[in-house]
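Below is one structure, written out as structure tokens; the observations come after it.
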2 protein chains.
Amino acid sequence: MKRIQSKFVTIKDIAEKAGVSPNTVSRALNSRPDISQSTKSRILKIAQEMGYVRNAYATILKSNVTNTIGVIMSDSSNPFFSEVFKGIDKAAQEKDYQIIIMNSEGVYENEERFIKTLLERRVDGILLFPMQESYEDIRELVKEHFPIVLVGREIDEWNVDEIFSDEVKGGYMATKYLLEKGCKKVKMITDQLYNSASLGRLEGYRKALQEKGVPFCEENVKLCHHIHEGYHVQAGYDKVIEMLQGKEEFDGIFCYNDLIAYGVIKALKENGFRIPEDVSVVGYDDITFSRLIEPQLTTIKVKKFEMGYEAFQMLYKRITAKKSSNSSTRKVLDVELIVRNS
Amino acid sequence: MKRIQSKFVTIKDIAEKAGVSPNTVSRALNSRPDISQSTKSRILKIAQEMGYVRNAYATILKSNVTNTIGVIMSDSSNPFFSEVFKGIDKAAQEKDYQIIIMNSEGVYENEERFIKTLLERRVDGILLFPMQESYEDIRELVKEHFPIVLVGREIDEWNVDEIFSDEVKGGYMATKYLLEKGCKKVKMITDQLYNSASLGRLEGYRKALQEKGVPFCEENVKLCHHIHEGYHVQAGYDKVIEMLQGKEEFDGIFCYNDLIAYGVIKALKENGFRIPEDVSVVGYDDITFSRLIEPQLTTIKVKKFEMGYEAFQMLYKRITAKKSSNSSTRKVLDVELIVRNS
DNA sequence: ATTTGTTCCGTTAACGTTAACGGTAATAAA
DNA sequence: TTTATTACCGTTAACGTTAACGGAACAAAT
């Protein structure tokens with residue numbers, strides 16, 4: 001890399017120095033036919049010496065292929081998302097695709113803005129982790145058959161590719177486990193109730209209760225309203241304190257995710273509860289740290305890496321499909337109960 | 001967004017429909033002077049209807065400003081890095097800069113490749129977290145005064161902007177704490193010894209020993225060779241098992257980072273050691289989870305967010321500097337001992 | 001009436017790269 | 001010798017956008 005007054009060397013500069021046409025230089029750099037071996041190596045040498053670096057913008061503008069996808073998630077530092085992202089990254093690298101990742105922080109306006117930026121950058125497709133109540137921003141994309149795959153959430157109404165976990169089964173298994181362990185009063189701590197993950201897990205919760213003949217009580221479902229990204233732990237902690245202050249009774253808690261469970265466990269321990277003797281706790285996701293905390297967290301294992309890996313595969317299929325089909329693919333990933341000590 | 005046979009609408013298409021020149025459309029879209037209000041709104045309406053999305057590649061090629069920086073780290077899912085990244089992201093958003101992030105996984109070849117890609121994408125500057133033994137790949141960048149800031153590591157030899165923690169102080173405080181707590185045999189578990197972080201912390205370790213009159217023993221420093229990203233916990237765990245099998249005696253362990261400490265604590269607990277009664281453990285970084293594990297981890301707090309935030313500021317200064325100066329900035333961040341229960 | 005200025009829009013060229021086409025010289029085939 | 005073939009390279013134009021310049025039309029000032 002060399003620059004003259006912070007301007008990069010162009011193909012034209014090389015051509016001039018080598019005494020050939022710009023196109024010949026292009027031929028040499030892209031190892032195309034129609035060029036002699038001698039001039040080719042001579043040009044490559046000069047290019048090397050001059051510190052030539054291809055201008056991706058010119059190339060892409062000309063060729064119209066970016067080999068880039070966009071990924072929009074709410075918080076890539078969240079262990080769940082970062083694990084899924086690894087799957088995406090792996091799959092993308094295998095197909096030699098670039099990734100532009102953006103963190104919406106769960107804010108709809110950011111999501112809108114990011115989508116616009118990604119389209120301006122002519123990404124071939126988008127992987128979106130829906131986190132909002134509204135999906136207006138992607139309505140047109142779907143309508144126009146722009147390659148897009150929704151990850152981790154299910155949107156019934158639309159005809160769009162999706163990959164997500166069997167949330168009902170997860171909620172069911174978690175709750176059933178608590179009930180069969182002897183818990184009589186099982187609370188559920190969840191966040192927003194407008195997405196398929198929360199709703200599915202809640203449905204599983206109800207299903208398990210019903211199966212065991214336990215009446216469902218609205219008050220046992222605790223909603224954490226709009227958890228600011230990075231504050232799930234705090235939200236779980238606060239909810240327990242709130243419940244204790246309200247003198248509510250419980251001997252089992254099913255948490256929307258592991259991070260909330262961490263906060264729950266912290267609050268319980270600080271208030272003298274033994275886990276699992278006094279209160280049993282079940283999390284969701286099975287992120288790395290869940291086997292490191294004390295007690296080790298019983299949780300629902302989600303196939304995070306697979307979710308990311310498969311999501312890219314689905315998107316790739318869309319991108320490389322000859323014609324845009326009207327039918328969409330929905331992939332459901334199985335979940336698993338991991339019994340530990342909580 | 002609308003496309004005709006997966007081709008986007010161009011400014012020319014709009015011009016044709018509106019019966020004006022392409023340049024007039026450009027004027028309307030970029031709200032420049034030299035255009036009447038009536039035609040402007042008319043064009044904007046048509047553009048809206050046709051679903052126009054600006055082609056960033058054409059704009060950038062013409063204007064030559066990308067407002068983009070590249071960030072290369074080894075593993076953005078590592079809590080330490082993701083925290084630093086948040087600082088970068090915040091600062092970048094404030095200046096309306098885009099970020100291209102790449103995970104090298106600590107592999108030199110990846111780093112080389114990524115730098116090339118970033119240059120092709122004409123980033124205005126690069127934030128690099130050096131993880132390798134060799135720095136050859138950035139030598140030319142530095143020589144050519146390409147805006148670059150090294151984050152988290154110190155490279156003495158070169159004249160390059162750097163921001164890093166006071167590693168010697170961190171290692172010193174951690175070790176001193178263990179010694180003053182009464183530990184007689186303090187081990188240190190670290191990783192590669194060729195970067196400034198490891199070396200600095202080791203120097204601090206030695207300094208504290210010396211100050212307390214404890215002889216330094218080479219065997220007390222345990223090296224984890226080439227920890228694969230994401231396996232720090234396992235590495236710490238393995239080292240303790242190894243030490244126990246070797247019948248080594250110790251009552252204090254200073255870990256290179258919190259993740260290693262987690263593994264150390266897990267191994268100790270599994271083998272019946274009480275923490276901190278039998279063995280005291282001190283980590284490094286103070287990532288979020290360190291106050292959630294049992295026992296809560298005593299550690300050295302590093303200003304992660306600030307590191308990222310400041311790193312961008314330094315890079316921004318370089319980018320916007322009128323002329324490339326030969327002098328470089330080195331910023332050292334203070335560290336802090338957080339005493340908890342380990 | 002002439003000059004000056006202003007408003008608004010079109011024309012041209014350029015950013016860096018590359019595909020399509022054409023042309024020249026040398027070589028092989030007739 | 002003539003023709004066809006091949007190897008190699010240059011010319012031109014285009015990708016989508018925008019800066020620089022120019023010019024027409026009209027209003028205001030002299």
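Predicted model only: the values in this text are computed from it and were never measured. To find a chain, count down the sequence lines: A is the first, B the second, and so on, and within it residues start at 1. Below, all heavy atoms of this structure are taken into account, side chains as well, without hydrogens, waters or symmetry copies.
- Of all nucleotides listed (C:dG16, D:dG10, D:dT18), D:dG10 comes nearest to the side chain of A:Val20.
- Look at CZ on A:Arg32: it is 15 Å from C1' on D:dG10, rounded to the nearest Å.
- Of the candidates A:Gln93, A:Glu94, A:Lys95, A:Lys95 is the only one forming a side-chain contact (heavy atoms from CB on, under 4.5 Å) with A:Phe312.
- If you check every strand for non-hydrogen atoms under 4.0 Å, B:Asn23 touches a base.
- Atom-to-atom, CZ of B:Phe8 to P of D:dT17 comes out at 11 Å; the value is rounded to the nearest Å.
- Map B:Leu61 and B:Lys40 each onto its nearest nucleotide of DNA chain C; the residue landing nearer the 5' end is B:Lys40.
- In B:Lys40, the NZ atom is crowded: over 12 heavy atoms of neighbouring residues, nucleotides or ligands sit closer than 6.0 Å.
- Using a 4.0 Å cut-off between charged nitrogen and carboxylate oxygen, B:Glu112 and B:Lys116 do not count as a salt-bridge pair.
- With rounding to whole Å, B:Leu119 atom CG is found 16 Å from C:dG16 atom P.
- Rounded to a whole Å, the CD1 atom of B:Ile43 is 14 Å from the C1' atom of D:dT18.
- Protein atom CZ of A:Arg122 is 11 Å distant from nucleotide atom C1' of D:dT17, rounded to whole Å.
- Salt bridge absent: B:Lys12 and B:Glu16 never bring a charged side-chain N and a carboxylate O closer than 4.0 Å.
- When each of D:dC9, C:dA20, D:dT18 is scored by its nearest atom to the side-chain atoms of B:Arg54, the top-ranked nucleotide is D:dT18.
- Side-chain atoms of B:Thr66 come within 3.5 Å of backbone atoms of B:Arg122 as a donor-acceptor pair (strictly under, hydrogens ignored).
- Both A:Lys12 and B:Thr39 lie close to DNA chain C; mapped to their nearest nucleotides by heavy-atom distance, the more 5′-ward contact belongs to B:Thr39.
- B:Asn55 places its CG atom 10 Å from the P atom of D:dT18, with the value rounded to the nearest Å.
- A donor N or O paired with an acceptor N or O is not found under 3.5 Å between the base of D:dT17 and the side-chain atoms of B:Lys62.
- Closest to the A:Arg27 side chain, of the nucleotides C:dC21, C:dA19, D:dC8, is C:dC21.
- Looking at B:Glu120 and A:Arg54, a side-chain N of the basic residue comes within less than 4.0 Å of a carboxylate O on the acidic one, giving a salt bridge.
- We find that A:Glu140 and A:Lys143 are not joined by a salt bridge, their nearest charged nitrogen and carboxylate oxygen being 4.0 Å or further apart.
- Using a 4.0 Å heavy-atom criterion, one finds that A:Asn30 contacts the sugar-phosphate atoms exclusively.
- Between the side chain of A:Asn64 and the base of D:dC15, no donor-acceptor pair under 3.5 Å is found.
- Rotation axes derived from the C1' atoms of the five outermost pairs at either end of the helix from C:dA1-D:dT30 to C:dA30-D:dT1 lie 60° apart, to the nearest 10°.
- Using a 4.0 Å heavy-atom cutoff across all strands shown, A:Ser63 reaches no nucleic acid atom at all.
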